[in-house]
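The structure presented is a predicted model; accordingly, all values stated were derived computationally and were not measured. Just so it is clear: chains get the letters A, B, ... in the order the sequence lines come, proteins before strands, and each one is counted from 1. Below, each value reflects all heavy atoms present in this structure, side chains not excepted, and no hydrogens, waters or symmetry copies.
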Amino acid sequence: MNTEETRNKHFIEKIIDDDLLHSRVPEGTIVTRFPPEPNGYLHLGHAKSIILNFSLAEEYGGRCHLRLDDTNPEKEDMEYINAIQADIKWLGFDWGDYLYHASDYYQQLYEIAVSLIRDGKAYVDSLTPEQMKEYRGTLTQPGKESPDRNRPIEENLRLFEEMKAGKHPEGKYLLRAKLDMASPNINLRDPALYRIKFATHPRTGDAWCIYPMYDYTHPISDAIEGITHSICTLEFEDHRPAYDWATSIDHIPHTPHQYEFARLNINYTVMSKRKLLYLVKNGLVDGWDDPRMPTLVGVRRRGYSPESLKMFVDKVGVAKVESVVDFALLEFCVREDLNKRAKRVMAVLDPLKVTITNYPEGESEFVEVENNPEDPEAGTRMVPFSRTLYIEQEDFMEVPIKGYRRLYPGNEVRFKGAYYLTANDVVKDEDGNVIEVLCTYDPESRGGTTPDGRKIRGTIHWVSAEHAKDATVRLYDKLFLTEAPGEATGDYLDDINPDSLITLTDCKVEPALAEAAPGEYLQFMRNGYFVPDSVDFTADAPVFNRTVTLKDSWSKKKGK
RNA sequence: UGGGAUGUAGUGUAAUGGUAACACAGCAGAUUCUGGUUCUGCAUUUAGGGGUUCGAAUCCCUUCAUCCCAGCCA
């Protein structure tokens with residue numbers, strides 16, 4: 001639901017308001033539905049549709065059905081049917097008792113088709129696919145009527161019955177609606193209603209060998225379920241007349257209406273099932289749930305929260321303009337949400353050893369660090385501190401650049417929650433690389449403040465060397481290098497980002513992180529938001545995925 | 001080029017005849033035990049051309065641009 005203080009209603013809400021005002025809604029309540037075809041995993045584009053449909057139902061006190069649109073057994077699979085349900089639940093929506101499948105209506109759909117034939121409104125056609133194409137005409141030229149268009153009703157009835165009984169091979173016959181072959185709208189040039197397919201359906205098995213088409217099934221399914229507002233994407237605008245035709249067939253119990261909105265497009269990614277499937281099948285990613293994928297299983301494993309997705313969809317809005325949303329908006333929403341809920345912890349991704357020369361050898365202590373400055377309820381935790389620590393390589397410069405306020409010789413910085421340290425000397429390897437920084441600490445600064453109240457410009461994170469756990473950290477970046485993958489060369493694969501995944505294996509993390517729970521939202525202080533990987537994380541070998549970086553104004557400034 | 005739709009800052013979305021706005025992105029600055037957060041400020045917008053009107057993003061005409069449709073896919 002919309003959590004903004006106020007937001008202008010979008011055009012679908014305005015339509016609903018108007019329908020409610022004029023009592024055009026049976027039962028006085030709206031009914032929406034999310035109708036995916038179970039032929040792949042759900043992605044961010046589906047999330048927009050799911051959130052739109054379910055939120056509308058919540059907002060108006062109506063209900064939202066989940067209907068699996070399973071009318072093409074060649075493409076559909078139980079794997080997808082299950083995954084879709086899991087994804088919707090993860091998003092936080094519940095269809096309650098209203099789980100349906102288009103296949104639930106096969107018998108009814110069949111009977112309606114028979115009545116259509118009886119009424120002379122549908123006929124069995126024997127045109128081959130090639131002839132069909134030819135007879136259909138073109139965008140600028142009307143089609144012509146099939147010789148079978150005036151087949152006697154009795155014969156149509158008999159043939160359709162034979163189709164259903166499996167007496168004819170695939171492609172031999174087709175049941176078509178008798179509409180208008182000269183219509184400028186090609187969807188009205190006697191659309192196919194039923195085709196023969198000897199395929200095993202994931203739910204009905206081999207019970208049927210004729211399967212109803214989308215333009216016939218979808219509107220009638222909506223009508224049967226009492227859907228009031230059937231919301232779909234823009235490319236179905238041309239199908240609305242077919243939708244209206246189907247819902248006006250005699251004895252259809254109710255007349256739903258279709259409204260179209262613009263699908264969600266995001267730059268730097270691809271959203272078509274075909275392309276995503278290709279990435280998976282060819283090992284360009286590690287599966288549908290690869291954290292770089294725009295699939296719901298992918299972003300979930302990446303560490304995006306359902307709330308951040310809802311915020312994103314809310315900010316994107318609902319309109320009829322074909323648009324491409326900036327990836328940065330998605331990342332903003334993720335940060336915005338995670339900032340409130342992520343537990344702050346310290347993890348060093350690129351370790352550099354620091355030794356405190358005036359800290360007693362062999363000793364250690366615990367310092368108290370807050371879990372989330374944004375959330376007073378989050379409390380604090382105790383983190384071990386000792387003579388030898390790790391900090392980020394980035395946080396030390398032997399010769400500091402302008403504006404640098406981290407550790408450098410002679411500079412005093414605060415080690416988060418612990419003490420003030422001053423760098424005095426470095427140890428180098430034979431190549432001249434700094435491999436260790438020698439510091440002294442001020443025992444008076446324990447807890448991060450001193451009695452004299454002196455100001456410290458820099459605060460950096462750290463872990464105690466002897467207490468730290470080794471961890472693997474996966475840094476994810478955009479899957480594509482360009483805003484519109486494939487736009488320049490015609491092949492989206494040309495724009496794949498070779499560095500979309502960087503795996504760091506020598507990271508040092510706070511000991512408590514070994515007990516992190518997969519899916520727990522974390523912020524590695526100053527590094528970004530991370531989540532334990534839901535597949536590979538173990539206490540012995542922790543693996544973390546970077547969800548999103550922190551906003552970073554320093555690297556920009558530094559680059560100038 | 002037949003039909004259907006759509007054009008508002010860089011991006012997305014409001015404003016439906018009465019001061020063009022919100023968010024993201026960008027750029028400054030302040031605050032800060034995260035160069036994060038928070039706060040403040042700045043720059044940038046009605047596709048073009050006509051018309052109606054005291055007044056037009058909004059109404060009319062026209063041009064242009066973009067998207068969708070010729071599956072026995074959804």
Side-chain angles (χ1 to χ4, degrees), chain A residues 4 6-10 35-37 39 69-72 74-76 102 125 127-129 132-133 136-143 170-176 183-189 191-197 211 213-215 217-218 232-241 260 262 267 273 314-333 335-336 339-340 344 346 369-370 373-374 403-406 413-418 420 447-449 456-461 483 523-528 549-558:
Chain A
E4 298 286 295
T6 49
R7 188 207 65 195
N8 290 301
K9 292 193 173 185
H10 54 70
E37 181 187 15
N39 68 343
D69 215 348
D70 54 350
T71 57
N72 186 352
E74 287 169 354
K75 292 188 176 179
E76 297 147 8
D125 200 351
L127 249 31
T128 64
M132 271 282 283
K133 193 175 164 69
R136 184 157 36 231
T138 68
L139 294 178
T140 51
Q141 290 177 317
E170 288 185 13
K172 177 83 188 286
Y173 290 116
L174 195 64
L175 185 71
R176 301 177 72 180
S183 172
N185 182 343
I186 292 182
N187 298 300
L188 261 23
R189 317 242 259 235
L193 264 25
Y194 269 92
R195 75 286 215 190
I196 301 169
K197 271 185 198 289
Y211 290 94
M213 300 288 290
Y214 169 87
D215 273 338
T217 311
H218 201 94
C232 63
T233 44
L234 251 28
E235 68 268 30
F236 291 100
E237 277 176 326
D238 288 344
H239 292 252
R240 196 182 333 126
E260 310 86 10
N267 57 15
K273 278 182 188 169
D314 188 63
K315 285 186 182 299
V316 163
V318 181
K320 296 189 72 127
V321 194
E322 197 68 49
S323 58
V324 182
V325 177
D326 195 341
F327 187 74
L329 181 62
L330 213 207
E331 294 206 321
F332 165 81
C333 293
R335 290 188 186 107
E336 181 83 353
N339 180 48
K340 290 178 297 187
R344 271 60 170 175
M346 295 195 282
V369 182
E370 59 193 345
E374 304 298 316
Y404 194 74
R405 45 183 206 238
R406 281 113 97 146
V413 302
R414 174 164 38 229
F415 277 44
K416 175 74 188 178
Y420 295 175
T449 50
I456 295 294
R457 286 281 281 164
T459 300
I460 65 175
H461 63 279
E483 287 194 31
Q523 185 195 97
F524 287 1
M525 293 203 79
R526 306 205 303 133
N527 268 318
T549 59
L550 254 24
K551 241 177 81 180
D552 179 9
S553 53
W554 167 241
S555 66
K556 272 184 208 164
K557 185 182 270 188
K558 193 175 55 175

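As a whole-Å value, the separation of A:N339 CG from B:U38 C1' is 10 Å. One can place OH of A:Y214 at 11 Å from C1' of B:C73, the figure rounded to the nearest angstrom. A straight line from NZ of A:K551 to C1' of B:U37 spans 9 Å, rounded to a whole angstrom. Straight-line distance from the CG atom of A:L174 to the C1' atom of B:G71: 11 Å, rounded to whole Å.
The closest side-chain heavy-atom distance from A:R405 to A:V413 is not below 4.5 Å.
Taking atom C1' on both B:C54 and B:U11, the two are 37 Å apart, rounded to the nearest angstrom. The P atoms of B:A57 and B:U16 are separated by 13 Å, rounded to the nearest whole Å. As rounded to the nearest Å, B:C24 and B:A30 have C1' atoms that lie 22 Å from one another.
The phosphate of B:U13 has OP1 or OP2 within less than 4.0 Å of a side-chain N or O from A:S323. Within the 4.0 Å cut-off from OP1 or OP2 of B:G71, at least one side-chain nitrogen or oxygen of A:K133 is found.
With a cut-off of 3.5 Å on both Watson-Crick or G-U wobble distances, the partner of B:A5 is given as B:U66. Both distances falling under 3.5 Å, in either a Watson-Crick or a G-U wobble arrangement, occur for no nucleotide opposite B:G71. Base-pair partner of B:A23: B:U11 (Watson-Crick or G-U wobble, both distances under 3.5 Å). Figure legend. B:A28 is base-paired to B:U40; pairs are counted as Watson-Crick or G-U wobble with both atom distances under 3.5 Å.
The side chain of A:N72 has B:A74 as its nearest neighbour among B:U11, B:A74, B:G36. Of the candidates B:C73, B:C69, B:G35, B:G35 carries the atom nearest the A:D552 side chain, counting heavy atoms from C-beta on. Nearest nucleotide to the A:E322 side chain, out of B:C67, B:U6, B:U32: B:C67. Nearest nucleotide to the side chain of A:F332, out of B:A74, B:C24, B:U37: B:C24. Relative to the side chain of A:Q523, the nucleotides B:U34, B:G2, B:A74 differ in distance, and B:U34 lies closest.
Residue contacts for A:L234: at a heavy-atom cut-off of 4.0 Å it reaches no nucleic acid atom on any strand shown. Looking at heavy-atom distances under 4.0 Å, A:V369 makes no contact with the nucleic acid at all. If you check every strand for non-hydrogen atoms under 4.0 Å, A:D238 touches a base.
Here A:W554 counts as stacked on B:G35: its ring centre is under 5.5 angstrom from the base ring centre and the planes meet at under 30°.
Taking all atoms of both residues into account, the shortest heavy-atom contact from A:L174 to A:M132 is CD2-CE, 3.6 Å.
A salt bridge is absent between A:E370 and A:R344; no separation between the charged side-chain nitrogens and carboxylate oxygens falls under 4.0 Å.
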